[in-house]
Amino acid sequence: MSQKQLPVVVIGAGPTGLAAAAHLNERGIGHLVLESGPAAARAVREWSHVRLFSTWSELVDPAAEKLLAPTGWTKPDAATYPTGGDWADKYLQPLADALGEHVRYQATVTGVSRAGRDRIVDADRESQPFVVHFTTATGEERVFARAVIDASGTWTMPSPAGASGLPALGEKSVADRVSYRIPDLKDPAVRARYAGRRTAVIGSGASAFTALASLADLAKDETGTHAVWILRRGISGSTFGGGSADQLPARGALGLSAKAAVDNGYADAVTGFRTDTIEHDADGRLILTGEDGRRLDPVDEVIVLTGLRPDLSFLSELRLGLDERLQAPLELAPLIDPNQHSCGTVYPHGHRELSHPEQDIYLVGMKSYGRAPTFLAMTGYEQVRSVVAAIAGDTESADRVELTLPETGVCGGAGLFDDPASEQGEGGGCCAPAPAVVQIGVGAAGALTVEESSSGGCC
């Protein structure tokens with residue numbers, strides 16, 4: 001069997017992985033989607049209570065919509081905002097169902113390599129198909145592939161509280177009091193965990209905004225509920241996002257809700273704090289100590305929302321070209337580097353920016369951004385459209401990368417807390433207040449702020 005007769009293996013049945021499968025289906029290319037969960041969109045379902053700040057119009061891939069149309073599927077109201085649960089139930093699972101036997105559930109990928117070649121062997125490497133090992137309920141299996149599209153996301157690898165990128169000392173020993181997810185306060189057990197208690201929220205992105213706003217709402221009903229918002233940077237004009245200048249209104253409103261939580265006294269902000277240790281005090285509460293020696297007042301719970309990172313362990317036998325800082329593809333990394341970009345808008349991109357020294361392996365979706373915190377579903381959809389066209393040999397279409405992205409309205413210099421410019425409210429901005437639309441042309445890269453880590457994360 002020639003390599004072209006082998007399927008393309010897609011890892012992950014989340015938004016980007018299923019979109020990739022829809023594009024492969026549209027081009028008549030054999031494909032197999034391997035999903036570790038028992039249903040589609042496992043990661044999205046884990047934040048099913050969170051409302052996205054993109055509308056339905058930005059959350060449905062065009063090729064997927066064509067595949068769904070003959071099934072009697074009805075597209076939700078384009079102007080409304082779904083929750084993660086809505087997205088999974090009303091679009092992603094129906095899409096997986098339409099793909100039928102091309103999707104295998106409870107299939108966890110454990111390794112990807114070239115058949116008969118580990119990463120050090122050059123001889124005839126590119127002529128060998130990929131071999132993908134995975135586990136199921138009945139044991140180990142493998143499948144050979146002409147190409148691999150890894151859309152497994154970053155949801156399973158939350159970053160720790162420690163500012164060094166390693167867990168803070170004591171973080172693992174207090175694991176029962178630390179969460180790395182936005183709490184679902186409609187769940188009675190979760191509500192009881194935070195009601196009437198003091199909770200530290202570590203992080204400065206959309207997930208932290210959501211948690212702060214949720215805890216502020218809880219505080220209105222439950223006396224004694226209070227949040228301590230811990231930021232590694234100072235508070236500047238861009239801390240709370242673009243507000244009314246954000247072309248995604250729900251995203252702008254999210255930042256304003258977090259600001260209101262602080263302004264109304266439901267949360268205290270602690271700035272320039274880089275967590276070093278977490279330990280119990282004499283009363284069993286938690287004490288956070290910073291690298292500068294500061295000890296915060298005791299808290300009962302800690303919510304760590306410091307970002308996500310890619311799991312690269314099962315790709316260790318492949319020759320990936322990854323940026324040493326972001327763990328994103330080398331050509332893409334400079335375009336999304338938070339050391340340089342704080343405004344949230346760079347250029348759309350396709351197969352060329354996503355390529356690696358190992359031909360025909362592509363990291364797409366959230367995973368393509370490595371540790372960078374900016375992503376939208378529509379960016380992932382454009383990625384896989386280009387990648388699938390490249391796999392099909394349609395270079396003209398693959399190179400024609402066009403995408404309209406909404407601006408965040410956020411400016412403020414470099415994106416990381418270490419840069420003094422990021423501590424200033426004005427100056428050094430990389431973008432002006434948002435115009436009506438941004439139309440980007442051929443061949444570069446693009447992204448916006450992630451709502452939730454989607455898929456792990458979202459959009």
Side-chain angles (χ1 to χ4, degrees), residues 5-46 48 52 54-78 80 82-109 132 134 136 143 145-153 155 362 364-366 376-389 391-392 394 397 454-459:
Q5 293 176 296
L6 294 172
V8 174
V9 168
V10 179
I11 304 173
T16 308
L18 291 173
H23 282 274
L24 289 163
N25 176 81
E26 187 173 57
R27 287 184 174 270
I29 299 173
H31 53 283
L32 176 65
V33 181
L34 299 176
E35 164 59 43
S36 62
R42 179 179 187 174
V44 175
R45 293 179 190 279
E46 291 191 19
S48 61
L52 285 83
S54 293
T55 61
W56 272 112
S57 65
E58 298 155 334
L59 296 171
V60 176
D61 175 79
E65 187 171 358
K66 291 178 185 177
L67 179 61
L68 283 165
T71 70
W73 176 78
T74 301
K75 185 177 181 179
D77 184 348
T80 59
T83 62
D86 295 334
W87 200 18
D89 293 338
K90 297 180 181 181
Y91 167 61
L92 297 171
Q93 189 61 57
L95 177 55
D97 293 343
L99 289 163
E101 63 183 12
H102 293 286
V103 181
R104 287 195 62 179
Y105 299 113
Q106 295 183 310
T108 301
V109 174
V132 181
F134 59 99
T136 68
V143 62
R146 62 182 286 189
V148 175
I149 300 175
D150 183 357
S152 59
W155 181 252
Y362 298 95
V364 299
M366 286 288 295
L376 284 179
M378 64 180 80
T379 299
Y381 298 160
E382 180 62 10
Q383 285 182 339
V384 296
R385 186 206 62 77
S386 174
V387 163
V388 170
I391 292 171
D394 186 353
S397 177
S454 87
S455 8
C458 54
C459 313

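- Here salt bridge (charged side-chain N to carboxylate O under 4.0 Å, His left out) pairs that include residues 96-105, with residues two or more places apart or in two chains, are R104-E141.
- Across all non-hydrogen atoms, the minimal contact from V103 to A96 is CG2-O, 4.0 Å.
- No side-chain heavy atom of L59 sits under 4.5 Å from any side-chain heavy atom of P15.
- The stretch residues 8-19 participates, sequence neighbours left out, in no salt bridge (charged side-chain N to carboxylate O under 4.0 Å, His left out) pair at all.
- Applying the side chain to side chain donor-acceptor pair (under 3.5 Å) rule to D77 yields no partners; only residues at least two apart in sequence or on another chain are considered.
- A heavy-atom distance below 4.5 Å is found between the side chains of L376 and S54.
- The two residues A98 and L68 come nearest to each other via the heavy atoms CB-CD2, 4.2 Å.
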Side-chain donor-acceptor pairs under 3.5 Å in residues 33-42, sequence neighbours left out?
unit_1 : atom_1 : unit_2 : atom_2 : d
E35    : OE1    : A13    : N      : 2.7
E35    : OE2    : G37    : N      : 2.8
R42    : NH1    : S36    : O      : 3.4

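- Here the shortest heavy-atom pairing between V60 and Y91 reads CG1-CE1, 3.7 Å.
- Looking at heavy atoms from C-beta onward, N25 lies in side-chain contact with H31 at the 4.5 angstrom threshold.
- Between T83 and L52, the closest heavy-atom pair is C-CD1, 3.5 Å.
- The backbone N or O of G365 lies less than 3.5 Å from a partner atom in the side chain of Q383, making a donor-acceptor pair.
- In terms of heavy-atom proximity, A88 sits nearest to V44 at CB-CG1, 4.3 Å.
- The 12-atom threshold is exceeded at NZ of K75, counting heavy atoms of other residues, nucleotides or ligands nearer than 6.0 Å.
- Applying the side chain to side chain contact (heavy atoms under 4.5 Å, CB included) criterion to A392, with sequence neighbours excluded, gives R27, I29.
- Under the 4.5 Å side-chain criterion, counting only non-hydrogen atoms from C-beta, E26 is not in contact with R385.
- Panel note: side chain E382, backbone T379; no donor-acceptor pair is recorded below 3.5 Å.
- Interatomic distance, W155 CH2 to M366 CE, rounded to the nearest 0.5 Å: 9.5 Å.
- Of all the heavy atoms in L99 and A21, the pair that sits closest is CD1-CB, 3.6 Å.
- When atom types are taken as modelled, the side chain of W73 and the backbone of K90 share a donor-acceptor pair closer than 3.5 angstrom.
- Evaluation of the side chain to side chain donor-acceptor pair (under 3.5 Å) rule for H23 yields D61 as partners, not counting sequence neighbours.
- Contact check for V109 versus S152: no side-chain heavy atoms found under the 4.5 Å cut-off.
- I149 pairs with exactly one of I11, T16, I391 by the side-chain contact (heavy atoms from CB on, under 4.5 Å) rule, that one being I391.
- Residues D86 and W56 have side chains in contact (heavy-atom distance under 4.5 Å, counting atoms from C-beta outward).
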